[in-house]
Amino acid sequence: MIALCVLPGWVPVAAAHAVLLRAEPTDICLLPGGESLPSDTPTCRAGAVLSQPPRAVRLVFNEPVQPIGRGLRVIGPEGRRVDRGQVRVAGAAVAVDVEARASGTYRVVWSVISPDTHPDFGTMAFSVLRPGGVLAEGAPAAGGAAVWGTVLGALAHLVHFAGYALGFGTLAAAWLAGRADPPSGVFGAPDLIWRGTGIGIALLLFAEPIAFAAESVALGAAGGGADPAVIGALLDSSFGRVFAQRLAAAILLWVLAGALQSGALRAAWTVPLLGVGLAFVDGQAAHATGVRPAWWGLGINTVHLGAMGLWGGTLALVAMTREPARSVRRLALAAGIAAVASGVVMAFQHVSGIRDFVASPYGRALAVKICAVAAVAGLGWFGARRAAGPRLLAWEAAVMLVVLALAGVLVLLRPPVP
């Protein structure tokens with residue numbers, strides 16, 4: 001939760017993963033790496049001054065994108081739209097025809113979504129013959145709505161990860177550690193474990209409306225306000241696909257947990273198998289999609305999220321049963337080692353050196369997460385050597401929540417190495 005409290009102060013408003021590489025007409029304020037100069041500077045307000053009106057506006061990104069919401073609009077010097085016809089998409093490029101014969105300043109506004117479900121939005125300006133018109137007096141700011149879209153996105157990931165650990169991790173830990181394997185063959189778990197699983201399922205379901213709101217707010221901010229067109233477009237995008245798969249996994253876990261509790265189902269291995277499937281789905285909305293080959297990035301992400309969920313599940317199991325059994329602690333150790341090892345591999349995929357841990361928001365968040373993971377591991381080691389009391393378990397759970405919150409922040413931030 002600490003990460004969410006400080007998020008508005010240091011996370012870039014547009015923490016998207018699609019990066020604008022170039023524009024036609026040229027965006028003179030676009031810097032290498034997709035960053036831009038402040039839009040309220042005099043140079044950026046006017047943009048490139050053209051001697052001839054362009055026939056079209058074309059934007060090229062670093063990966064295929066899908067226009068969403070208002071897509072690609074061009075506003076003329078008098079404040080009216082001058083784009084004509086449908087927005088054309090060709091791989092990583094989007095374009096639209098314009099009627100820009102009037103002299104003055106034009107503003108291009110775009111909102112797109114990348115294959116990893118993250119939005120990108122922004123503005124640029126160009127002028128025909130000379131700067132002038134209503135748009136030459138000022139440029140729209142990114143707005144508080146975009147910041148709140150980022151905060152809501154981080155909150156959605158935190159709720160989702162916590163639900164994953166409670167919903168899947170706790171049942172998987174009980175099954176793998178043999179804590180719910182009576183002679184009858186029925187999956188017999190204490191009522192507290194079923195209650196924790198129910199809370200996890202509720203969190204998984206609750207996370208998706210928050211994620212939908214976050215995406216809608218962020219994309220709506222691209223046009224300066226709420227955009228009803230975003231709703232349908234989101235459901236028909238890469239985000240909508242992942243959204244539906246996550247909801248389906250949560251509902252299926254609900255069904256499986258009920259069947260296991262009633263004794264109608266004895267194949268408890270279906271829960272961790274479904275958890276692995278959901279971890280794979282989550283990789284489609286993370287940095288894993290940018291790793292080549294794609295199967296490697298998705299595989300490492302699946303291992304990392306699955307191990308983190310199991311690690312959190314063992315912690316919840318110990319807290320609920322108050323029985324620090326050796327089998328559970330050994331399982332926690334194995335899950336922790338797998339989470340750390342896969343996390344190291346993922347870190348090397350997205351940072352190129354020590355400088356990235358200081359110079360980029362992603363690197364700084366990753367450094368704090370590493371410290372938090374080390375703290376959880378230290379508390380767990382101390383608890384394994386001594387009887388873990390309620391206070392130690394509370395500290396361990398609190399730091400684990402910080403780890404999950406930072407994981408949600410990292411998903412939103414653009415890594416130094418795509």
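Everything numeric here is computed off the predicted structure, so don't read it as measured data. For this chain, numbers begin at 1 and follow the sequence in order.
- For residues 369-379, the set of pairs meeting the side-chain hydrogen bond (donor to acceptor under 3.5 Å, both in side chains) definition, not counting sequence neighbours, comprises H304-K369.
- Classified by interplanar angle (parallel below 30°, tilted 30° to 60°, perpendicular above 60°), the ring pair Y362/H350 is perpendicular.
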- Could you give me the CA-CA distance, side-chain angles and deciding distance for L234 and S216, then say whether side chain to side chain contact (heavy atoms under 4.5 Å, CB included) is met? CA-CA 8 Å; L234 272 178; S216 300; 3.4 Å; yes
Please list, one pair per line, the donor and acceptor atoms closer than 3.5 Å that link side chains of residues 89-99 to other protein atoms, with sequence neighbours excluded.
unit_1	atom_1	unit_2	atom_2	d
D97	OD1	R88	NH1	3.2
D97	OD1	R88	NH2	3.3
D97	OD2	R88	NH1	3.3
E99	OE2	R101	NH2	3.0

List, one per line, each side-chain donor-acceptor pair under 3.5 Å for residues 267-276, sequence neighbours excluded.
unit_1	atom_1	unit_2	atom_2	d
T270	OG1	A267	O	2.8

- Message: One pair to check against side chain to side chain donor-acceptor pair (under 3.5 Å): T197 and T170. What are the steps and the verdict?
- Response: CA-CA 7 Å; T197 301; T170 305; 5.6 Å; no
- Message: S352 vs D356, test: side chain to side chain donor-acceptor pair (under 3.5 Å). Steps then yes/no.
- Response: CA-CA 7 Å; S352 58; D356 287 339; 2.7 Å; yes
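- The number of heavy-atom neighbours closer than 6.0 Å to CZ of F357, taken from other residues, nucleotides and ligands shown, is above 12.
- The salt bridge (charged side-chain N to carboxylate O under 4.0 Å, His left out) test applied to R55 returns no partner, not counting sequence neighbours.
- Residues passing the salt bridge (charged side-chain N to carboxylate O under 4.0 Å, His left out) test with R195, sequence neighbours excluded: none.
- Scanning for side chain to side chain contact (heavy atoms under 4.5 Å, CB included) contacts around L333 gives I337, with sequence neighbours left out.
- Rounding to the nearest 0.5 Å gives a distance of 9.0 Å between CH2 of W110 and CG of L72.
- Put simply, CG on L158 and CD1 on I210 are 9.0 Å apart, with the number rounded to the nearest 0.5 Å.
- In this structure, S238 contributes its side chain and S114 its backbone to a donor-acceptor pair below 3.5 Å.
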